[in-house]
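Sequential numbering from 1 along the given sequence is applied to the chain's residues. Below, each value reflects all heavy atoms present in this structure, side chains not excepted, and no hydrogens, waters or symmetry copies. In listed order, ligands and their atoms are each counted from 1. Keep in mind the model is a prediction, meaning the values are calculated, not measured.
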Amino acid sequence: MLCKICKAKGKREKAVIFIRHHKLALCKNHFLEWFEKQTLKTIKHFSMFNRGEKIGVAVSGGKDSLSLWQLLTEAGFETVGIHISLGIGKDNYSEKSLKLCEKLSEKLNRPLIVFDLKEEFGYTIEEIAKLSGRKDVCSVCGTFKRYLMNKIAIEENLSVVATGHNLDDESAVLLSNTIRWETGYLGRQYPVLSEREGFARKVKPFCFLTEKEIVSYAILKGIDFMETGCPNAKTATSPVYKQALAFLEHKMAGTKLRFYKEFLKKAKPLFEKEAKEEYNLTPCKICGMPTTANVCSVCRILEKIRGVNAKSGKN
Ligand code: AMP
Ligand code: FES
Ligand code: ZN
Ligand code: ZN
């Protein structure tokens, strides 16, 4: 297959990727150009951030967030990487993830802020989940990551945090919320969450790009990334929704993009009234971050496990 753009210019260049839902075959250079343009268009369309703002990029070590960090930096934005090291020992997962983030930080010559859970709190994420009596480590992990990314952004004066969520992630969440008619969540699902007192803005510049496109970008740009996902993620239900959407996409190219884009345009506004507003936020009595209770959920979990360990004589 030949690159469509080169062909239009009378050149014969072999395509490296075929983007089925856009019916677009592109060579390496034209694909990279297309990919960067799509991302910048999304940033502009949703007014995610401006030049001159300092952008925190939450990097896990995976293809999405590392690609995003490189792309934003090369596009001339002032970026800072934020990595939460969770202490997952299986397959040396956390150690390897941190190394990959550090490697890119050096390559891009941009700072990386690392928050090590074990060093700062005394426990790894698996210990926190176990001691607090929660079976689903990834869900506790999600609570801690969201809390810490926000806390670090506020403390470091970063007005915005960008994450690597892609079209496959966003359409799977949308399908899951639609199947269960979680109207509160549907009213809130959006590529930008505005800043409020105590909360930095959250943005998803890759929300219209697929996993396949991002992995191609990462490989073509020579980015080293974690090829395996979190070893605790086996219980997560999102792969089921991803598989369902992959099947539909295979039968009808463009389903994922249409499903998500049309939702943002036509359905999300209808549910906005039902969005689960966090009323009456007050500073957490322990850490000072905004919460609806006296003590925020992260401090509550930490207090609980420290209490358990104090009683059993540990720590
Ligand atoms: P996930 O929920 O693992 O699919 O990750 C979604 C996004 O959250 C990633 O693309 C990153 O931007 C961010 N993220 C996930 N894990 C971490 C981590 N350990 N440290 C910093 N950011 C992370
Ligand atoms: Fe963090 Fe699974 S334990 S995502
Ligand atoms: Zn070309
Ligand atoms: Zn707190």
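T124 contributes a side-chain N or O that, together with a main-chain N or O of E127, makes up a donor-acceptor pair within less than 3.5 Å. In this structure a side-chain-to-backbone donor-acceptor pair under 3.5 Å is missing from R201 to V161. Proximity of a side-chain donor or acceptor of R188 to a complementary backbone N or O of T183 within less than 3.5 Å is not detected.
Between E303 and R300, none of the side-chain N atoms (NZ, or NE/NH1/NH2) sits under 4.0 Å from a carboxylate O, so this pair counts as no salt bridge.
Listed by chain and number, the protein N, O or S atoms at a distance under 2.8 Å from atom 2 (Fe) of ligand 2 are C138 SG, C230 SG. Listing protein N, O or S atoms at distances below 2.8 Å from the Zn ion (ligand 3), with waters left out, gives C3 SG, C6 SG, C27 SG, H30 ND1.
Its side chain within the 4.5 Å cluster rule, I286 clusters with V295 among the Ile, Leu, Val, Met, Phe, Trp and Tyr residues.
Here the heavy atom of the protein found nearest to atom 21 (C) of ligand 1 is V59 O, 3.2 Å.
The OG1 atom of T79 sits 10.5 Å away from the CD atom of E74 when rounded to the nearest 0.5 Å. In this structure, CZ on F225 lies 9.0 Å from CG on L66, to the nearest 0.5 angstrom.
Residue contacts with ligand 1 for V57 are absent, since no atom lies close enough (heavy atoms, distance under 4.0 Å).
Note: F144 and F121 have perpendicular aromatic rings, judged against thresholds of 30 and 60 degrees for the angle between ring planes.
Judged as a side-chain hydrogen bond (donor to acceptor under 3.5 Å, both in side chains), the pairs with a partner in residues 146-162 (not counting sequence neighbours) are, in order, E53-S159, N150-K202, K151-E155.
Heavy atoms of K145 come nearer than 4.0 angstrom to ligand 2 in at least one pair.
In this structure, of S94, G56, A58, G61, the residue bringing a heavy atom nearest to atom 11 (C) of ligand 1 is A58.
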